[in-house]
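Remarks on the structure that follows.
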Amino acid sequence: MLYSVRMRAAQGGDHEQGGRHISGAERLLPAAEVAAAAAAMAERALSHTRGQADFINIQVELVPADRIKRVPLLPVQTLAVADYREGRGRALRQLCAAGIGAEAASTGMEYLLALADSLRGAMLVCARTGCRLDTAGQRGIRVSRMDSSDPALYRQQLTRRGLGGSHASEAMVLAAKVAAAPGVVAELCWSDDPEYTTGYVASRQGYIRITHLKPLGSPQGGRVFFIEPETDLAALVNYLQYEPVLVKPWEGGDGSC
Ligand code: WAQ
Ligand code: MG
């Protein structure tokens with residue numbers, strides 16, 4: 001049996017009352033590890049580089065073991081770029097290579113750049129037209145109920161590749177769940193943590209890290225999931241938010257793509 005442990009933290013009150021998003025986290029853990037994970041999440045929210053949270057919501061729920069789906073960790077590659085301008089150009093090219101129309105790719109990126117502040121979730125955008133498809137507005141769609149199926153091995157594999165920090169580790173689990181979703185073509189992401197400039201483009205083909213997708217110090221970040229036009233949105237949103245997923249570490253090899 002596993003428990004879903006979810007955290008969202010804001011400043012200026014609850015997100016629902018207009019609070020500013022500070023931090024979030026998602027784990028799927030055995031009962032014995034729930035308390036430590038919840039404590040670590042509270043700690044993260046209270047000492048975050050986006051500011052100190054004054055609203056923290058931590059939810060713990062049992063997930064029936066027979067509902068858990070397993071998906072593969074994506075192969076990873078890092079593109080070193082000189083600055084965020086070059087990085088954004090490379091990201092657009094990678095999105096097109098993954099099957100997104102050129103206009104839809106740049107419209108999706110524009111949505112991220114136009115955000116006045118972070119959403120706590122992701123925007124769903126049509127891979128053909130670039131239109132925003134979800135109706136979650138300033139909330140976005142939060143992907144939840146996912147973790148690595150073997151956290152110790154996963155940590156070892158990432159450390160060996162020089163990807164030891166929590167940003168890459170959490171993002172690669174999220175990207176694996178998202179890439180396996182029905183109707184998702186690709187994802188574009190960069191962090192809203194001011195000190196973290198690396199972002200990525202992910203699709204079933206792989207997770208491509210790009211070392212600068214925003215200028216250092218910017219608190220603006222987010223996620224766009226590009227979706228096939230005929231996708232059943234309700235089923236997709238249900239999968240992203242509720243279906244428990246464990247991400248399997250790489251088999252053999254080091255996961256290079
Ligand atoms: N579901 C949907 N959207 C989310 C989620 C989630 N569970 N978590 C975060 N977001 C959205 C939300 O809009 C955030 O403002 C934004 O993404 C950025 O979140 O080195 O750290 O947690 O390979 O700041 C990527 C590169 C790091 C990692 C991404 O994102 C690497 C990161 P953050
Ligand atoms: Mg963040």
Side-chain angles (χ1 to χ4, degrees), residues 71-115 118-119 121-136 140-141 143 161 163 167-168 170-192 196-216 218 220-233 235-237 239-240 247 250 253 255-257:
V71 308
L73 186 62
L74 301 170
V76 63
Q77 182 187 350
T78 300
L79 301 181
V81 294
D83 57 29
Y84 71 89
R85 290 183 194 85
E86 183 187 349
R88 288 175 187 168
R90 298 289 287 270
L92 290 176
R93 288 212 293 280
Q94 292 296 339
L95 286 169
C96 293
I100 315 294
E103 238 181 85
S106 49
T107 306
M109 186 178 283
E110 290 300 326
Y111 290 141
L112 284 187
L113 296 171
L115 290 175
S118 287
L119 311 185
M123 292 180 268
L124 306 189
V125 170
C126 176
R128 194 186 302 151
T129 63
C131 291
R132 185 159 174 195
L133 298 177
D134 67 279
T135 51
I141 303 293
V143 189
R161 298 231 22 182
L163 301 174
H167 286 90
E170 292 175 12
M172 287 169 67
V173 165
L174 184 151
K177 177 172 180 181
V178 171
V184 169
V185 185
E187 175 186 358
L188 170 66
C189 163
W190 64 83
S191 180
D192 57 7
Y196 204 83
T197 65
T198 300
Y200 65 86
V201 170
S203 69
R204 274 174 219 190
Q205 279 68 54
Y207 176 95
I208 299 166
R209 308 176 66 239
I210 301 172
T211 52
H212 301 280
L213 280 181
K214 68 171 188 184
L216 188 65
S218 163
Q220 190 196 47
R223 284 181 154 92
V224 173
F225 303 159
F226 292 92
I227 310 300
E228 278 163 15
E230 312 302 331
T231 302
D232 176 343
L233 273 189
L236 171 61
V237 169
Y239 166 85
L240 294 171
V247 178
W250 295 309
S256 298
C257 65

Spacing of [X] atom [atom1] and [Y] atom [atom2] [to the nearest 0.5 Å]:
{"X": "Leu174", "Y": "Phe225", "atom1": "CG", "atom2": "CZ", "result": "5.5 Å"}
{"X": "Leu112", "Y": "Leu119", "atom1": "CG", "atom2": "CG", "result": "8.5 Å"}
{"X": "Leu163", "Y": "Met172", "atom1": "CG", "atom2": "CE", "result": "6.0 Å"}
{"X": "Leu79", "Y": "His212", "atom1": "CG", "atom2": "NE2", "result": "12.0 Å"}
{"X": "Glu103", "Y": "Cys96", "atom1": "CD", "atom2": "SG", "result": "10.5 Å"}

Does the [X] side chain pair with the main chain of [Y], one donor and one acceptor, at a distance under 3.5 Å?
{"X": "Thr211", "Y": "Val81", "answer": "yes"}
{"X": "Lys177", "Y": "Val71", "answer": "no"}
{"X": "Arg132", "Y": "Val125", "answer": "no"}
{"X": "Lys214", "Y": "Ser191", "answer": "yes"}
{"X": "Ser118", "Y": "Gly222", "answer": "no"}

[X] versus [Y], closest heavy-atom pair with distance:
{"X": "Tyr200", "Y": "Ala171", "answer": "CE2-CB, 3.8 Å"}
{"X": "Ala176", "Y": "Leu73", "answer": "CB-CA, 4.3 Å"}
{"X": "Gly87", "Y": "Ile210", "answer": "CA-CG2, 3.6 Å"}
{"X": "Thr231", "Y": "Pro182", "answer": "CG2-O, 3.7 Å"}
{"X": "Leu236", "Y": "Ile227", "answer": "CD2-CD1, 3.6 Å"}
{"X": "Gln220", "Y": "Trp190", "answer": "O-NE1, 3.1 Å"}

**Request:** Say whether Gln205 and Ser203, considering side chains only, have a donor N or O and an acceptor N or O under 3.5 Å apart.
**Result:**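 The criterion, which ignores hydrogens and geometry beyond distance, is satisfied for Ser203 and Gln205.
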
**Item:** Donor + acceptor pair across side chains of Tyr207, Glu187 (<3.5 Å)
**Value:**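 Side chains of Tyr207 and Glu187: no pair found under 3.5 Å.
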
**Worked check of side-chain contact (heavy atoms from CB on, under 4.5 Å) between Leu240 and Val178** = CA-CA 7 Å; Leu240 294 171; Val178 171; 4.1 Å; yes

**Request:** Report yes if the side chains of Ser106 and Leu92 come closer than 4.5 Å at any heavy-atom pair, otherwise no.
**Result:**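 Sidechains of Leu92 and Ser106: in contact.
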
**Request:** Given side-chain contact (heavy atoms from CB on, under 4.5 Å), test Leu213 with Arg88 step by step and report yes or no.
**Result:** CA-CA 6 Å; Leu213 280 181; Arg88 288 175 187 168; 4.2 Å; yes

**Asked** Of all residues at least two apart in sequence or in a different chain, which pass the side-chain contact (heavy atoms from CB on, under 4.5 Å) check with Val185?
**Response**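 Scan of Val185 (side-chain contact (heavy atoms from CB on, under 4.5 Å), adjacent residues dropped) gives Ile100, Ala127, Glu228.
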
**Item:** side-chain contact (heavy atoms from CB on, under 4.5 Å) partners of Val237, counting only residues at least two apart
**Value:**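 Val237: side-chain contact (heavy atoms from CB on, under 4.5 Å) contacts with Leu124, Ile141, Gln241.
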
**Request:** Count the heavy atoms belonging to other residues, nucleotides or ligands that lie under 6.0 Å from CZ of Arg204, then report whether that count exceeds 12.
**Result:**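 More than 12 within 6.0 Å, yes.
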
